[in-house]
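To keep things clear, I will list the structure first and then write my remarks on it.
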Amino acid sequence: MPQTADRLNKEQRAAVEYTGSPLLVIAGAGTGKTKVIVHKIAYLIDNIGVNPDNILSVTFTNKAAWEMKSRLKNLVGERADGVWMGTFHSICLRILRRETHKTVLKRGFGVIDQDDRLSALRTVVKELNIDSKKYSPKQYMWLISSFKNTMEYVEGEEPEEFIYRFPEVFKAYQQYLSFANLVDFDDMLALVIRIFQENDEVLTFYKNIFRYIMVDEYQDTNYIQFFFLKLLSGEYGNICVVGDDDQSIYGWRGAEIRNILDFEKHFFDVKIIKLTENYRSSPNILFTANTLIANNNYRKGKNLSPVIDKMGNIMVKECHDEQDESIFVINEIERMLDQGIPFSEIAILYRTNAQSRAFEVELNKRGIPYKVIGGISFYSRREIKDLLAYLKLSDNPYDIDSLKRSAKNPPKGIGNVIIQRIIDYATGNGTDLISAAKEIASVSKGKTAANLKFYTDILDDMQQYENIADKIKVILNGSSYGNYLKQFEEQNDANKRINNIDELINAAAIFDESYEESDLSEFLSTTTLTTSTDESAGDSVSLMTLHSAKGLEFDSVFLTGLEEGLFPLFRSMDNEWELEEERRLCYVGITRAKSNLVFTYTNTRMVYGKRQFCRPSMFLDELEINDNDEQEADISSTESYEKKLKANTRVFHSKYGEGIVLNVKGVGDKVKADVFFQSSGLKKMLAESLEIF
DNA sequence: CGCACGAGAATTTTT
DNA sequence: TTCTCGTGCG
């Protein structure tokens with residue numbers, strides 16, 4: 001994110017130039033952590049003479065990686081391309097593709113996405129005659145994911161019976177993956193670590209490549225990711241991790257906040273640098289954020305101090321229901337637009353995806369451009385998945401799910417019975433599914449034979465073309481996909497889907513252009529690794545969950561649905577640990593805002609189509625807000641300090657040193673001020689103990 | 001085989 | 001409220 005000054009401050013510079021031993025940078029929100037990483041990489045290349053190929057930089061999202069790369073390009077030019085940048089998953093996938101022969105996978109293996117993973121488990125659960133009402137496929141999926149993130153799995157052990165018949169389900173699921181030649185998200189890391197542990201020479205090879213390792217958002221790494229890093233870097237290695245314990249919001253997904261809290265114990269000779277100067281938010285917004293997070297116990301403890309001295313606006317608004325809330329929010333947005341704030345600088349944040357709907361309705365009504373980030377990602381839209389299924393099957397002819405999907409959509413007279421016959425034939429004879437389909441076609445007669453031939457002809461035609469964009473066109477023509485949409489969808493929906501398809505063809509064409517030879521596997525894994533949060537809002541208002549907002553910043557932020565049970569979410573309210581995570585989530589939301597921050601809550605809200613009554617969130621009680629108007633009134637009614645002491649005055653205290661005044665309250669000799677000290681953060685002070693600079 | 005209809009579940013958050 | 005899944009009919 002762009003910053004006011006391009007110069008590095010003292011701490012930032014120290015972090016950039018330190019290379020002696022493992023380095024932990026505790027970087028609060030808006031303190032320029034991306035800047036530090038980018039400058040550090042540039043420093044390594046330009047000043048230390050490190051080869052870009054020897055630098056690994058791990059980010060939390062693909063988008064963050066792209067942004068980082070483009071910023072790095074501004075500093076070091078084309079040499080930036082050499083640096084390994086990406087998420088843990090994308091980096092590991094790259095390694096896995098190179099080292100496929102060290103695993104049981106076949107070349108050109110595919111990546112199974114979350115949706116397909118769930119449907120695979122549905123099939124498994126059904127085949128094992130497990131009552132899916134009692135033990136849902138989702139539960140199994142969740143447990144499989146957790147298990148795959150343990151060392152037991154990495155080391156090849158069998159799981160225990162965590163829930164009913166878990167080992168059986170696990171085994172059947174693994175067999176499915178193995179036949180279909182697929183890996184899931186968790187396997188990407190686990191299998192790479194397994195390769196490293198079983199093959200010393202491979203580990204040595206990669207240790208030699210990744211001589212300098214940089215990790216962003218370290219507070220959200222899990223144990224297995226930590227293990228991966230430690231294997232590559234060793235205890236003394238050139239590893240630099242950047243993170244903020246107050247922004248750890250993925251505990252539910254297995255993130256270990258202890259990775260950052262115990263960094264000094266995991267590595268030797270650790271150097272720690274804290275960044276606490278915030279370049280993003282106005283002082284009162286920071287003050288609010290600091291007062292809220294101070295309610296947490298499990299933290300290292302720090303306060304952010306403002307660099308910007310212009311006060312912002314903070315508002316809390318009570319609304320009747322979610323419609324009222326959306327009307328209020330959009331009214332405010334229109335006001336902001338009038339003030340010249342661009343669409344892209346406005347965000348509506350919420351706890352759950354379901355909350356976006358009311359806002360979307362209202363935004364549509366007023367014709368304000370917006371983009372919902374998160375929710376359903378581009379690549380999981382039905383029409384896109386349908387087309388990708390053909391590509392996936394042709395790339396990996398063992399992929400059962402893609403066979404099912406492509407054979408059925410659009411409908412072409414191939415139903416479950418025939419599909420099952422194909423699968424049985426393939427498993428029975430050890431052939432791939434496409435050959436099996438052709439085989440079945442040749443022994444069938446009449447309609448069935450013709451239908452199957454129609455289907456396999458499309459797959460054969462695709463082989464004639466090298467470019468992925470061309471292959472997609474073959475699918476579209478061959479299956480009359482456009483007609484299929486027009487036939488079964490409303491005009492409007494059909495058009496939207498056709499637009500999406502055009503967009504897919506575009507993406508494929510761009511991919512075709514940028515690679516010497518189009519690698520279908522590579523393209524397809526990009527599509528599964530690219531998640532909804534990687535899409536950018538462009539010139540429109542952003543709507544997203546608080547989780548998706550991590551790492552972003554906006555001039556104006558609406559934090560909506562601040563109600564007990566919704567935020568904090570009901571399930572976390574009786575658990576101190578989870579409640580603190582909710583509070584951190586709120587903290588993340590607040591610190592996204594540069595100058596306008598609006599909280600809203602409603603009295604009633606529709607849940608599952610039932611109206612429910614709501615109480616304001618406890619977070620609203622915990623945080624403190626500096627009201628500008630009130631402050632001015634106070635200042636005019638006091639006598640001795642008020643004239644000199646007001647917001648943004650720089651002051652000095654005998655014990656705490658230099659600080660900045662956030663607000664002033666009280667009268668006469670009881671004048672009190674909230675002051676940010678550089679050394680120790682926010683304090684409430686009697687005005688008479690302060691000296692004015 | 002494919003569609004239409006009805007019952008029942010679903011909401012945390014995502015690489 | 002909205003989506004998904006299963007069932008039964010043409």
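Heavy atoms of F570(A) sit nowhere under 4.0 angstrom from any nucleic acid atom. Across all strands, F60(A) comes closer than 4.0 Å only to sugar-phosphate atoms, never to a base (heavy-atom distances). Across all strands shown, K408(A) has no heavy atoms under 4.0 Å from either base or sugar-phosphate atoms. Counting any heavy atom pair closer than 4.0 Å across all strands shown, V607(A) reaches no nucleic acid atom.
Atom NZ of K550(A) is separated from atom C1' of dT14(B) by 10 Å (rounded to the nearest Å).
Closest contact between the side chain of R253(A) and the listed nucleotides dC1(B), dT15(B), dT12(B) involves dT15(B).
Using a 4.5 Å heavy-atom threshold, the side chains of T34(A) and M68(A) count as touching.
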Problem set entry | Heavy-atom protein contacts under 4.0 Å, nucleotides 4-9 of chain C, coded B base, S sugar-phosphate only, - none | -SS---
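Screening V241(A), L56(A), I37(A) for a side-chain contact (heavy atoms from CB on, under 4.5 Å) involving V215(A) leaves a single residue, V241(A).
For dG6(C) and dT11(B), the C1' atoms lie 23 Å apart once the distance is rounded to whole Å.
Between W142(A) and Y140(A), the distance separating the two ring centers is not shorter than 6.0 angstrom.
Looking at Q174(A) and K148(A), their side chains do bring a donor and an acceptor atom within 3.5 Å of each other.
With centres under 5.5 Å and a plane angle under 30°, the ring of W252(A) is stacked against the base of dT13(B).
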